[in-house]
Amino acid sequence: MAGLRIEHLYKRYENSGKKKKVQNDYAVKDLNLVAEQGEFIALLGPSGCGKTTTLRMTAGLEEITKGDIYIGDTLVNNLHPKDRHIGLAFEDYAMYPPLTVYDNIAFNLKAKGVDKAEIDKRVREIAPLMQCDDLLDKMPVKLSGGQKQRVNIARAIIRRPELLLMDEPLSHLDGKARQAMRTEIKRLINDIKCTTVYVTHDQLEAMSLADRIAIINFGVLQQYGTPAEVYDDPVNEFVASFIGEPPMNILETTIIGEGNHFLFTFENSNLKIEVPERYNNVVSNGFKCKMGVRPMDVLIGGADSKGTPEEVATFENLGDERRIGIHVGETLLMLITEDETRYKAGDIIKLEVRGEKTHLFDLETGERIRSK
Ligand code: ATP
């Protein structure tokens, strides 16, 4: 098992003339990333942000434009994929249809000339880990999506890789199967303790699986941190709104001074929210920025609440939680409540916002404004 170190990594695709999409800019720009030995990291970001390109360069399947990749202490830039001691599990299962599950799992070891008894020992070690021991005699065509995915991962880990690279391995599975596989992957990685890089665009998957998450946008790393860090302490508006479901509410605001404190105010709205005191040195009367607050930090006050009366615009009942939307000027402010009242559009509620939970972002750049 080895760690991974990516230093100043760039990728620019040359326009081959065959691809309609001309890629003039870098698909990956100055990426620096370290996964410690045994760490599980997720590359997370919207479609086209450069996650797969990064993984493919790490695997040796894509040429590096600039920069260095180390697996353990070895610079692997010019190493053939088969010499990088990696296991690959990509979203397409790529199994050999004429071979049984057993032979599919054993394939790479056979190709390497490992002896039959050793192969058999390893297949029978891995199969129960991936809960595919009862599938060994089956043909791939007989497998469900979840079963195929388990075999796919078994094939990747049987070589005892130093580094396991997974690209959207659960993308073909539907909700329930996805959830089940997520739990299995977590258990498996715990068992084999392999350094893992996991590509996903699903923030829930990244949050639940990874030790650290690298959030990427337009080829640029935005933030690299633990799930708690990226959720509680986002560096910019992009990270704040990408992590969390429903996403953080982000509203343009003008701050006004009132007495010895400041309030967030919003165009065409009576809503006023207290600015946390720690920002007193960075804001002033008339200061414009964006305010972010998570839906669970917006509350419905009781009968004697001093909250602002606001009209319910949307109401969704999701069983264990309810989501309410309130118009604040042009923006729909979302709140989540466990309150069992069935609200409807037009109902009036008293809105209380936990001022101490708000974040401030620069109006132009979206960068987080920090308290001093
Ligand atoms: P997805 O989640 O949709 O797979 P991604 O984050 O993995 O997206 P990449 O596949 O790495 O993103 O793509 C990054 C950028 O590079 C995109 O703009 C994409 O169009 C471009 N790109 C990817 N492969 C090629 C290629 N072979 N030739 C030209 N451009 C490419």
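Order of listing sets the numbers, starting from 1, for every ligand and every atom in it. Keep in mind that this is a model prediction, so the values were computed, not measured.
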Ligand 1 atoms in contact with Pro46 (distance to a heavy atom under 4.0 Å): 6 (O)
Nitrogen or oxygen atoms of Gly50 and ligand 1 under 3.5 Å apart: yes
Ligand 1 atoms in contact with Thr52 (distance to a heavy atom under 4.0 Å): 4 (O), 5 (P), 7 (O), 10 (O), 11 (O)
Qualifying residue for side chain to side chain contact (heavy atoms under 4.5 Å, CB included) with Val353, from Leu299, Asp297, Leu335, Val293: Val293
Ile158 side chain reached by Asn108 side chain, heavy atoms, under 4.5 Å: no
Heavy-atom donor-acceptor pair, Glu168 side chain to His201 backbone, under 3.5 Å: yes
Residue-ligand contact Gly45/ligand 1, heavy atom below 4.0 Å: no
Residue pairs passing the ring-ring contact (aromatic ring centres under 6.0 Å, His included) test where at least one lies in residues 270-308, sequence neighbours excluded: none
Those atoms of ligand 1 less than 4.0 Å from some heavy atom in Cys49: 5 (P), 6 (O), 12 (O)
Short side-chain donor-acceptor distance under 3.5 Å, Asn280 and Glu277: no
Thr53 neighbourhood, listing ligand 1 atoms whose heavy-atom distance to it stays under 4.0 Å: 9 (P), 11 (O), 13 (O), 14 (C)
Asp339: side chain to side chain donor-acceptor pair (under 3.5 Å) partners, not counting sequence neighbours: Thr341, Tyr343
Distance-only N or O hit between ligand 1 and His201, under 3.5 Å: no
